[in-house]
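A quick write-up on the structure given underneath.
Whatever order the structure lists ligands and atoms in, that order sets their numbers, starting from 1. Numbers here are sequence positions counted from 1. Heavy atoms only: backbone and side chains are in, while hydrogens, waters and symmetry mates are out.
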Amino acid sequence: MSFSEKKNHISNQTYRTAVMILSDKGAKGERKDESGPLIIKLLEDVEEDSYQVVCSVLLPDEQSVIEQTLRNLCDVEKLDLILTTGGTGLSPRDVTPEATLAVAERNVPGIAEYMRAKSFEITPKAMLSRGVAVLRGKTLIINLPGSPKAVKEQLEFILPALPHGLDILLGRDGECGGR
Ligand SMILES: Nc1ncnc2c1ncn2[C@@H]1O[C@H](COP(=O)(O)OP(=O)(O)OP(=O)(O)O)[C@@H](O)[C@H]1O
Ligand SMILES: Nc1nc2c(c(=O)[nH]1)N[C@H]1C(S)=C(S)[C@@H](COP(=O)(O)O)O[C@H]1N2
């Protein structure tokens with residue numbers, strides 16, 4: 001796992017974030033990972049440097065390894081946000097939602113509901129993602145599908161609402177106004 005402090009200026013409103021890429025092919029070096037760098041780019045494009053990606057980790061679809069990593073990032077690293085990509089489908093090796101639910105303390109169903117609902121406007125295949133969003137302590141964990149196309153679409157749907165949710169979770173002043 002590589003940790004890098006990427007930004008010098010960290011405002012009070014910065015969300016310390018990890019990206020977890022869950023892919024057997026990626027972990028074996030059989031396919032170049034494009035989804036991790038895409039998530040980082042989409043977060044970097046958000047105004048005011050809101051997200052500080054401190055960790056990007058590529059793992060195989062192994063439930064125990066995913067659970068252990070999630071626990072470490074939540075309980076030891078105390079990150080604000082973990083975005084996973086991959087392993088949400090129907091393949092027998094797709095276990096990201098199971099690993100996420102195993103470490104979950106509270107469910108945040110609206111995030112996954114909204115990602116799928118908005119995705120149905122693009123493709124009915126969105127019903128094949130079993131991704132969940134949960135809380136463990138003060139960390140929000142969100143599962144995204146594996147393909148770069150799905151990552152871009154789904155992340156862009158939820159980004160506008162994330163700061164407000166994270167501010168409430170972290171006990172910062174959340175402003176409920178607007179849409
Ligand atoms: N991290 C990734 N980087 C680039 N493309 C990806 C990535 N994950 C998935 N994809 C693309 O999305 C398609 C569907 O993703 P899926 O998770 O089913 O991948 P897979 O290759 O079947 O399994 P795995 O990635 O676990 O080995 C893949 O065939 C690939 O084209
Ligand atoms: N917005 C959006 N959601 C999407 C897709 C997509 O192209 N766009 N692809 C779907 C497909 S084809 C699959 S199989 C599932 C699960 O993907 P995963 O197994 O890579 O996690 O995500 C779905 N969700």
request  = Go through the side-chain N and O atoms of Asn143 and Thr100 and say whether any donor and acceptor fall under 3.5 Å apart.
outcome  = yes

task = Could you verify whether a donor N or O on one side chain and an acceptor N or O on the other, from Thr96 and Thr88, lie under 3.5 Å apart?
result = no

task = Step by step, work out the side chain to side chain contact (heavy atoms under 4.5 Å, CB included) result for Asp167 and Tyr15.
result = CA-CA 9 Å; Asp167 286 345; Tyr15 310 113; 2.7 Å; yes

request  = For ligand 1, would you mind listing the residues that have at least one heavy atom less than 4.0 Å away, ordered by chain and number?
outcome  = Ile21, Ser23, Asp24, Lys25, Arg31, Lys32, Asp33, Glu34, Ser35, Asp61, Gly146, Ser147, Pro148

Do [X] and [Y] touch side chain to side chain, with heavy atoms closer than 4.5 Å?
X	Y	value
Val54	Glu77	no
Leu83	Tyr51	no
Ser23	Asp33	no

inquiry  = Using only atom types and a distance under 3.5 Å, with no angle test, would you say the side chain of Arg136 pairs donor to acceptor with the backbone of Cys74?
reply    =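 It does not hold such a pair.
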
inquiry  = Looking at every non-hydrogen atom in both residues, tell me the closest pair between Asp49 and Thr14 and how far apart they are.
reply    = O-OG1, 3.7 Å

inquiry  = Could you see if Leu90 belongs to whatever hydrophobic cluster contains Met127? Use Ile, Leu, Val, Met, Phe, Trp, Tyr and a side-chain cutoff under 4.5 Å.
reply    =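 They do share one cluster, since a chain of ILVMFWY contacts under 4.5 Å joins Leu90 to Met127.
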
ask   = Under a 4.0 Å heavy-atom cut-off, what residues line ligand 2?
value = Gly86, Gly87, Thr88, Gly89, Asp94, Ser119, Thr123, Lys125, Ala126, Leu128, Ser129, Pro145, Gly146, Lys149, Ala150, Glu153, Gln154

